[in-house]
Amino acid sequence: MVQERAERTRRAMVHAAAEEIDRSGYHGASLARISRSVGMSMGALTFHFPTKDRLVEAVQALSLSMVGEAVAAVEAGEAGEAVAGGDSVQAPSLGRARALILAISRLLAREPVVRAAVRLGWERPAQEDWTASWLPRVRELLVQAHADGDLRPEADPETVTALAAGLVQGLHCRMCAGAGAHDALGQLTSILDVILDSLSAPCRGGQDTPRCSHDN
């Protein structure tokens, strides 16, 4: 019971720290504001996290766990709406790449913990790039789609991967500038579908429409 209460306290502190970092950045984050936001004394905060860096490490670890869960959900087929949402992008690998990009984008839009980790990556270049936990899988799926003939021959998977990374980073920039999550996500989804539709290979039947292997 005591351990569970301590874990809840630590988690509340980590979430409060993430919100503070998301708003103010690493250097602007105040341990005093974090402790007040969770109704704890500074002594209680530093008992669990003696330094700001230890708190930052906990934020980054939680972000990594959240991203890992999102990737696993897509791999397990639990992001079916994201795959089905693209009317023409239904080739298996392309659909999963789309689902993964959208899952990460939604997580970024909704979770201060993830946004804080992204900001920490910008402000502290020595930290591992947060995209390392999901972008390589997007690249693998795009390489597979290219090999399967679901991407046009001229559509280089590395370039498409870079476009995906830029879209997700752009989402974060838009939200930092004050855009609402719903509007920013809607625009990202529309842009992503335009990109994938334009890069999808024509149907094998010869029609100049994106290939939909699920319809075969």
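None of the values given here were measured: they were computed from a predicted structure.
- Applying the salt bridge (charged side-chain N to carboxylate O under 4.0 Å, His left out) test to pairs two or more places apart or on separate chains, those with a residue in residues 107-122 are Asp22-Arg115, Arg119-Glu123.
- Under the side chain to side chain donor-acceptor pair (under 3.5 Å) criterion, the residue pairs touching residues 10-21 are Glu20-Arg23, Glu20-Arg33, with sequence neighbours excluded.
- The side-chain contact (heavy atoms from CB on, under 4.5 Å) check on Ser190 picks up nothing, with sequence neighbours excluded.
- Listed by first and then second residue, the side chain to side chain donor-acceptor pair (under 3.5 Å) pairs involving residues 133-146 are Glu75-Arg137, Arg137-Glu140, Arg139-Glu158, Gln144-Asp148 (not counting sequence neighbours).
- Residue Leu167 is grouped with residue Leu196 when hydrophobic side chains (ILVMFWY) are merged at heavy-atom distances under 4.5 angstrom, including chains of intermediate members.
- Connection of Val143 to Leu151 is not established within any shared hydrophobic cluster, with ILVMFWY side chains joined at heavy-atom distances below 4.5 Å, either directly or through further cluster members.
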Can you give each donor-acceptor pair under 3.5 Å made by side-chain atoms of residues 168-188, sequence neighbours left out, with the distance rounded to 0.1 Å?
| unit_1 | atom_1 | unit_2 | atom_2 | d |
| --- | --- | --- | --- | --- |
| Arg174 | NH1 | Gln187 | OE1 | 2.8 |

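- Proximity of Leu94 to Leu142: side-chain heavy atoms (C-beta onward) are separated by under 4.5 Å at one or more points.
- Residues forming a side chain to side chain donor-acceptor pair (under 3.5 Å) with Thr159 (at least two apart in sequence, or on another chain): Asp156.
- With sequence neighbours excluded, the residues forming a side-chain contact (heavy atoms from CB on, under 4.5 Å) with Ala18 are Val59, Val113, Ala116, listed by chain and number.
- In this view, Arg36 satisfies the side chain to side chain donor-acceptor pair (under 3.5 Å) rule with no residue, not counting sequence neighbours.
- Closest non-hydrogen pair, His48 versus Thr9, comes out as NE2-CG2, 4.0 Å.
- In this structure, CG on Leu45 lies 5.0 Å from CE on Met13, to the nearest 0.5 angstrom.
- Residues Met42 and Val38 share a single hydrophobic cluster, defined by chaining ILVMFWY side chains whose heavy atoms lie under 4.5 Å apart.
- For the salt bridge (charged side-chain N to carboxylate O under 4.0 Å, His left out) condition, no pair includes a residue of residues 55-69, sequence neighbours left out.
- Hydrophobic clustering of Ile, Leu, Val, Met, Phe, Trp and Tyr side chains at less than 4.5 Å, counting indirect connections, keeps Val138 apart from Leu64.
- Remark: Thr131 engages Asp129 in a side chain to side chain donor-acceptor pair (under 3.5 Å) (not counting sequence neighbours).
- Closest heavy-atom contact between Ala16 and Ile34: CB-CG2, 4.1 Å.
- In this structure, CD1 in Ile101 is found 9.5 Å from CG in Leu163, a value given to the nearest 0.5 Å.
- When the side-chain contact (heavy atoms from CB on, under 4.5 Å) test is applied to Ala165, the partners found at least two apart in sequence or on another chain are Leu135.
- No continuous path of ILVMFWY side-chain contacts below 4.5 Å connects Leu31 to Phe47, so the two sit in separate hydrophobic clusters.
- Residues passing the side-chain contact (heavy atoms from CB on, under 4.5 Å) test with Val56, sequence neighbours excluded: Ile21, Tyr26, Lys52, Gln60, Leu120, Arg124.
- At distances below 3.5 Å, at least one donor-acceptor pair connects side-chain atoms of Arg152 with backbone N or O atoms of Ser200.
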